[in-house]
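The structure presented is a predicted model; accordingly, all values stated were derived computationally and were not measured. Positions are given from 1 along the sequence.
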Amino acid sequence: QVQLVESGGGLVQPGGSLRLSCAASGSVFRINDMGWYRQAPGKQRDLVATITRGGRTNYEDSVKGRFTISRDNAKNTVYLQMNGLKPEDTAVYYCNAGGALLPRTYWGQGTQVTVSS
């Protein structure tokens, strides 16, 4: 079993920055892939960025150049640095973790990010 806890969300003006954190606990040695997804009201949950244990990253096109995903394996924590935030970035952001030795992927409870003037 894996537990994920997100933090760092909040209200920010357009053009501002936020840094999200996701701390994993439980069977953390089985985690290979971690990522961030987001879901706005009435929309599906979409991928934002992913990172492997070895540090290979992947980003959704709309956040490339603005968001950076990083990982501290010793702390079992993944981060999402969000710069140049836009109103369309407003959503609940969820952390996700998985690996070949886990029966499924796991989700955190989500953290709200609101970009508004």
Side-chain angles (χ1 to χ4, degrees):
Q1 288 280 306
V2 173
Q3 296 81 45
L4 304 172
V5 179
E6 303 101 327
S7 62
L11 175 64
V12 65
Q13 294 185 346
S17 298
L18 285 173
R19 185 181 187 236
L20 306 183
S21 299
C22 172
S25 61
S27 300
V28 295
F29 59 92
R30 298 183 180 182
I31 297 173
N32 185 63
D33 311 303
M34 300 188 75
W36 290 95
Y37 294 70
R38 63 187 179 185
Q39 187 169 23
K43 302 290 186 178
Q44 66 180 359
R45 188 173 298 184
D46 293 325
L47 182 146
V48 177
T50 60
I51 186 168
T52 68
R53 182 177 294 273
R56 301 188 74 180
T57 59
N58 182 58
Y59 296 91
E60 194 275 323
D61 286 343
S62 70
V63 308
K64 287 182 179 178
R66 299 190 298 123
F67 292 8
T68 302
I69 189 170
S70 61
R71 182 171 179 169
D72 187 335
N73 291 326
K75 296 181 179 179
N76 301 310
T77 300
V78 65
Y79 306 93
L80 186 68
Q81 178 66 48
M82 304 185 294
N83 299 325
L85 283 163
K86 304 175 180 179
E88 51 263 45
D89 295 318
T90 296
V92 177
Y93 283 69
Y94 296 92
C95 183
N96 179 263
L101 298 179
L102 291 169
R104 62 176 178 89
T105 61
Y106 294 84
W107 295 95
Q109 84 287 350
T111 185
Q112 177 71 49
V113 172
T114 302
V115 185
S116 176
S117 59

Expected list for residues 15-25: side-chain donor-acceptor pairs under 3.5 angstrom, two or more places apart:
unit_1, atom_1, unit_2, atom_2, d
S17, OG, N83, OD1, 2.9
S25, OG, Q3, OE1, 3.4

Without placing hydrogens or testing angles, list every side-chain donor-acceptor pair under 3.5 Å for residues 110-117, not counting sequence neighbours.
unit_1, atom_1, unit_2, atom_2, d
T111, OG1, G9, N, 3.2
Q112, NE2, A91, O, 3.4
Q112, NE2, T114, OG1, 3.3

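Under the 3.5 Å distance criterion, the side-chain polar atoms of R66 are matched with a main-chain donor or acceptor of G84. The main-chain N or O of E6 is found under 3.5 Å from a side-chain atom of Q109 such that the two form a donor-acceptor pair. A distance-only check finds no donor-acceptor pair linking the side chain of D33 to the backbone of I51 [under 3.5 Å]. Remark: side-chain polar atoms of N73 are paired, donor with acceptor, to backbone N or O of R53 under 3.5 angstrom.
Under the rule for a side-chain hydrogen bond (donor to acceptor under 3.5 Å, both in side chains), K75 has no partner lying at least two apart in sequence or in another chain.
V48 and Y79 fall into different hydrophobic clusters, where Ile, Leu, Val, Met, Phe, Trp and Tyr residues are linked whenever their side-chain heavy atoms come under 4.5 Å apart, directly or through other members. A single hydrophobic cluster is not seen to contain both V92 and V12; linkage of ILVMFWY side chains at heavy-atom distances under 4.5 Å, directly or through other members, places them apart. At a threshold of 4.5 Å between side-chain heavy atoms, the hydrophobic network of Ile, Leu, Val, Met, Phe, Trp and Tyr places V78 and F67 in one connected group. Residues Y37 and L85 do not share a hydrophobic cluster, defined by chaining ILVMFWY side chains whose heavy atoms lie under 4.5 Å apart.
Of the charged side-chain nitrogens involved, none lies within less than 4.0 Å of a carboxylate oxygen, so that D89 and K86 do not count as a salt-bridged pair.
Here the rule is side chain to side chain contact (heavy atoms under 4.5 Å, CB included) with N76, and of V2, L4, V28 only V28 fits it.
Judged by distance alone, the side chains of N58 and R56 never bring a donor and an acceptor atom under 3.5 Å apart.
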